[in-house]
Asks: 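Let me begin by handing over the structure; questions about it come next.
Values below: all heavy atoms of this structure, side chains included; hydrogens, waters and symmetry mates excluded. Every chain is numbered from 1, with letters handed out A, B, ... down the list of sequences.
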There are 2 protein chains.
Amino acid sequence: MLDDNIRRELRGIVGEAHFKDDMEARVTHSYDATPMLQTLPDGVVYPGSKEEVAAVLKLANANRIPIVGRGAGSNLCGGTVPLEGGLVMVMNRMNRLLEIDTDNLTATFQPGLNTKEFHLAVERLGLFYPPDPSSMVISTLGGNIMECAGGLRGLKYGTTKDYVIGLEFVLPNGDIVRTGGKLYKDVAGYDLTKLLVGSEGTLAIITEATVKLLPAPTHKKTMLAMYRDIEAAARTVSSIVGSRIIPATLEFIDNPTLRVVEEFNKIGLPLDMEAVLLIEQDGFDEASIDADIEAIRRICLEENAAEVKLAGSAEEAEGLMKARRSALSTLARISPTTILEDATVPRSKIAEMVQEINRIALKYGVHICTFGHAGDGNLHPTCTTDARNPEEIHRVEQAFEEIFEAAIRLGGTITGEHGVGSVKSPFLEWKVGAEGIAIMKAVKQAFDPNNIMNPGKIFAKESRKRVVLQR
Amino acid sequence: MLDDNIRRELRGIVGEAHFKDDMEARVTHSYDATPMLQTLPDGVVYPGSKEEVAAVLKLANANRIPIVGRGAGSNLCGGTVPLEGGLVMVMNRMNRLLEIDTDNLTATFQPGLNTKEFHLAVERLGLFYPPDPSSMVISTLGGNIMECAGGLRGLKYGTTKDYVIGLEFVLPNGDIVRTGGKLYKDVAGYDLTKLLVGSEGTLAIITEATVKLLPAPTHKKTMLAMYRDIEAAARTVSSIVGSRIIPATLEFIDNPTLRVVEEFNKIGLPLDMEAVLLIEQDGFDEASIDADIEAIRRICLEENAAEVKLAGSAEEAEGLMKARRSALSTLARISPTTILEDATVPRSKIAEMVQEINRIALKYGVHICTFGHAGDGNLHPTCTTDARNPEEIHRVEQAFEEIFEAAIRLGGTITGEHGVGSVKSPFLEWKVGAEGIAIMKAVKQAFDPNNIMNPGKIFAKESRKRVVLQR
């Protein structure tokens, strides 16, 4: 619990209305979109400026109070659960779009800005900000930056990391640092900008960001390739990329996911198919998009697609993409608990990874659907389960552990776009080794010597031993 | 000087032939491509494996011996001059291209691999590695990574940072760390990969790297726009980017540069023009390239280009690009000392920056030519001077100081692609502030607590005060 002096000082910094420690505020900020995790913070603070952020951090640092930065709390790694109590710092008052610079093709904003709102503002000017996490209707850009959010367009356009070129952030000691700018090239010292992206709130609080924008593609074609054989679909992914066509989107959806998505969206998805690929190509020239789509169609058929269908209209295409984006929320309707992971492999290994996931699900008797950004090797094996059944949850955990193991064995990683948070911290050592963890901890210590910034995230108290033998 | 035990141990680690401390080896490694900097190392070591790198680093760390990693020494920031003596670690034995993975579109190599050789190997497979520093015929990929090399294609394709997705590196304590992999998405902990890119040898020695490749564009068009008015040329750059066309290359060359480049290359450059823009667009579809080139041609003429000429053949286009790449080496022929800088501004500010450079050259009575990657705001003001004339050199230094100041004032940076090294370290604070330097130093300390890794680089003993008043 915060003592009276601290509470008084916090109210002095942000104003009476912007510090809360009633039970409602504390409970509301005790969890995020990640299942089965909840811890009460001691208070919630809503800073209105970088100066307020700096003053709160200095106070917290001096008094060893944990600080958990939070946008919309839509992350899936337990990233904003206040594991060690302290203050949740909600950035939603700092939500201004400061500038879209159409000469330099950059935008500058505060961290609390809603992702979708930003997309719309950018698109109104004929510009394009590619990172499009499925949570973008509710997520904030600050959260996207802290987790290095990906999305459906990562294959061709990269993720949040590839767009952030300038930051203003506040260190635990209250220092305000500005990096980068409206600059496509800047090598003045270490790239703190990229280090901060994906740092999961463990190093600093971001108060402003500048991102690159692209000219918006003028044309787009969307197609659906349907498969009776799930591995044929997975093989197609490898074949498309191997043929050197880089589609804007290349999504994999298996039959169980298809069923729930169709039930919710009613857009006529083929329920008799084992898997579909949702493929989109965009660009500035219709003829070359058509050529890509035709080449992809041919590859799909060569890989035994049962049917390939081109979206007949922009509305139909948008319906398909919306349906795909709804996968998590629709899956969440069919069981009390939904656990969505993001093991990622080199894209040539997608077929093997899908096989592994299905083998592991069978082995542990758990229900795992798989969908995801197959084109960049980023699958979302998703388990529909029930947190009230500890025996089943234990099997689910064993299955995911083996899925991470398989991803690593295939040259992959434990997380492609969700972050480590508290959920995957026991597995981080499998990816980066004890030496990698040691140097990451040293970096953490450099930024945050008192360990007040989102403590308990990324680094586990104890790393999980690898139980499955290396083959 | 190294004591006998150290020399014996070094020979034990790398073998008799791969440690040298004769005067010839020491002198040869006492300087790099940067003018007016020379310091003798105590010895030169050529490791042949990551294990040897680790053993040498552990030995050096235990004995507080500076380690200066070196590829080809083609950097322009004094990055590989052994300012505090110690060992120069030359990576040219570790120069193998380990794999080009055509399914995943990645390549993996050792740091000593020559950049141009790598380009050719990749291109033979119809693939494309965009970073193309002008020094690529002699530079190594390890050096490119350590300096985050840019080049002529940065505007559309980004720089080295945008391609490195996996690293193996050795810390001063001998730990070998592997990050990333053949993964387009990986958020497992802090992004040490991107932190290492551009770290100028001050954190670790890279022993292996994996980079993304792209399908090679199948078509390319090259044009030259010629101007009687230098500022019209600069304005054109802003207009092209403002019109949302992103050419692959958009280079600016002023008349003095043009003259020396022509004298050396004899390709018929227009010597009566004040400036030219060398513009290239590439892609997979001829029609859309033609459309871009036509739109750019129109913009050039609207901005008062005297003439716009399309390269008639691939040979002519290649000749133009080769001529541009020769700018530094040809300028170096006309005077004893050539100082090339890389102040960078938001690309909409190119016209203003060119004005500022010319004003400053006039003010200090020094001879500065300007060329560079105008499309990404990265200019290379280049001073032809004589190191034996201290009075003139003093004026040159004052001029560059004022050029850096102007770049910062226009929202730019002191270095776009060359790195800070020892040359620009006194100015780093102008860009990142005292708070930025403090946190960068803390990161350095986390990796290299004994400050053996390329000491004296990035961080100056004393920052330069800003002498010109903020306007």
Asks: If I compare all heavy atoms of A:L192 with all of B:V443, which pair ends up nearest, and what's the gap?
Replies: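 A:L192 and B:V443 have their closest heavy atoms at CD2-CG2, 4.5 Å.
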Asks: Mind checking whether B:I246 and A:P215 have side chains closer than 4.5 Å, heavy atoms only?
Replies: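 Yes, close enough: below the 4.5 Å cut-off.
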Asks: Verify whether one side chain among B:T413 and A:D186 offers a donor that lies under 3.5 Å from an acceptor in the other.
Replies: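 A donor-acceptor contact under 3.5 Å links the two side chains.
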Asks: So how far is it from B:D376 CG to A:K185 NZ, rounded to the nearest 0.5 Å?
Replies: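 Going from the CG atom of B:D376 to the NZ atom of A:K185 covers 4.0 Å.
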Asks: What residue in A:I437, A:T202, A:D292 has the most heavy-atom pairs under 4.5 Å with chain B?
Replies: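 Counting heavy-atom pairs under 4.5 Å, the top option is A:T202.
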Asks: Below 4.5 Å, heavy atoms only, C-beta onward: do A:H418 and B:V187 meet side chain to side chain?
Replies: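 Not in contact.
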Asks: Report which part of A:F447 has an atom under 4.5 Å of a heavy atom belonging to chain B: side chain, backbone, both, or neither.
Replies: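 Both parts, backbone and side chain.
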Asks: Taking A:R244 as the fixed residue, which of B:L213, B:T102, B:L214 is the one that meets the side chain to side chain contact (heavy atoms under 4.5 Å, CB included) rule?
Replies: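 The residue from B:L213, B:T102, B:L214 that satisfies side chain to side chain contact (heavy atoms under 4.5 Å, CB included) with A:R244 turns out to be B:T102.
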Asks: Under a 4.5 Å cut-off applied to non-hydrogen side-chain atoms, are A:R178 and B:E435 in contact?
Replies: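 A side-chain contact is absent here, since even the closest heavy-atom pair is not under 4.5 Å.
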Asks: Are any side-chain N or O atoms of B:N104 and backbone N or O atoms of A:S348, one a donor and one an acceptor, separated by less than 3.5 Å?
Replies: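 The answer is yes, because a donor-acceptor pair under 3.5 Å joins these two groups.
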Asks: Once rounded to the nearest 0.5 Å, what's the spacing between atom CG of B:L196 and atom CG of A:L195?
Replies: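 That separation rounds to 10.5 Å.
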Asks: Need one label for A:E147: side chain, backbone, both or neither, based on atoms under 4.5 Å from any heavy atom in chain B.
Replies: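 Only the backbone of A:E147 comes within 4.5 Å of chain B.
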Asks: Can you tell if the side chain of B:V432 reaches within under 4.5 Å of the side chain of A:V177, non-hydrogen atoms only?
Replies: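 A side-chain contact is absent here, since even the closest heavy-atom pair is not under 4.5 Å.
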Asks: Closest heavy-atom contact between A:A442 and B:A446?
Replies: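 For A:A442 versus B:A446, the nearest heavy atoms are O-CB, 3.4 Å.
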Asks: Which one, A:G412, A:G433, A:S238, leads in non-hydrogen pairs under 4.5 Å with chain B?
Replies: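 Sorted descending by pairs with chain B, the first entry is A:G412.
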Asks: Okay, side chain of B:D285, backbone of A:S288: is any donor-acceptor separation there less than 3.5 Å?
Replies: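 Looks like no, no N/O pair under 3.5 Å.
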Asks: Is B:D191 salt-bridged to A:K194, cutoff N-O under 4.0 Å?
Replies: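 No, no charged N to carboxylate O under 4.0 Å.
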Asks: For B:S199, is it the side chain, the backbone, both or neither that has a heavy atom under 4.5 Å from a heavy atom of chain A?
Replies: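 Both backbone and side chain of B:S199 come within 4.5 Å of chain A.
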Asks: Before you tell me yes or no, could you show the steps for B:D103 and A:V241 under side-chain contact (heavy atoms from CB on, under 4.5 Å), namely the whole-Å CA-CA distance, both residues' side-chain angles and the distance that decides it to 0.1 Å?
Replies: CA-CA 7 Å; B:D103 286 338; A:V241 178; over 6 Å; no
Asks: Under 4.5 Å between any side-chain heavy atoms of A:Y190 and B:K444, yes or no?
Replies: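 When only atoms from C-beta onward are counted, B:K444 and A:Y190 do touch, with a gap below 4.5 Å.
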Asks: Search all heavy atoms of B:I458 against all heavy atoms of A:G189 and return the closest pair with its distance.
Replies: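 Smallest interatomic distance, heavy atoms only, reads CG2-CA, 4.3 Å.
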Asks: Determine yes or no for a side-chain-to-main-chain donor-acceptor pair under 3.5 angstrom, with A:K431 supplying the side chain and B:G180 the backbone.
Replies: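 It does hold such a pair.
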Asks: Is the closest side-chain heavy-atom distance between B:K349 and A:K182 below 4.5 Å?
Replies: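 A side-chain contact is absent here, since even the closest heavy-atom pair is not under 4.5 Å.
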Asks: List the atom of B:A188, the atom of A:I414, and the distance in Å for their closest heavy-atom pair.
Replies: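 Taking B:A188 first and A:I414 second, the nearest heavy atoms are CB-CG1, 4.1 Å.
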Asks: For A:L183 and B:V345, which heavy atoms make the closest approach, and how far apart are they?
Replies: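 Nearest heavy atoms, A:L183 then B:V345: CD2-C, 3.5 Å.
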Asks: Select, from B:T106, B:L125, B:D101, B:T193, the one with the greatest count of heavy-atom pairs under 4.5 Å involving chain A.
Replies: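 Most heavy-atom pairs within the cutoff with chain A belong to B:L125.
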Asks: Quick check on A:E417 against chain B: is it the side chain, the backbone, both or neither that has a heavy atom closer than 4.5 Å?
Replies: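 Both parts, heavy atoms under 4.5 Å.
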Asks: Tell me, for A:R347 versus chain B, whether the close heavy atoms (under 4.5 Å) come from the side chain, the backbone, both or neither.
Replies: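 Interface part for A:R347: both.
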Asks: What part of A:F427 is in contact with chain B, defined as an atom under 4.5 angstrom from a non-hydrogen atom: side chain, backbone, both or neither?
Replies: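 When you check distances to chain B, no heavy atom of A:F427 falls under 4.5 Å.
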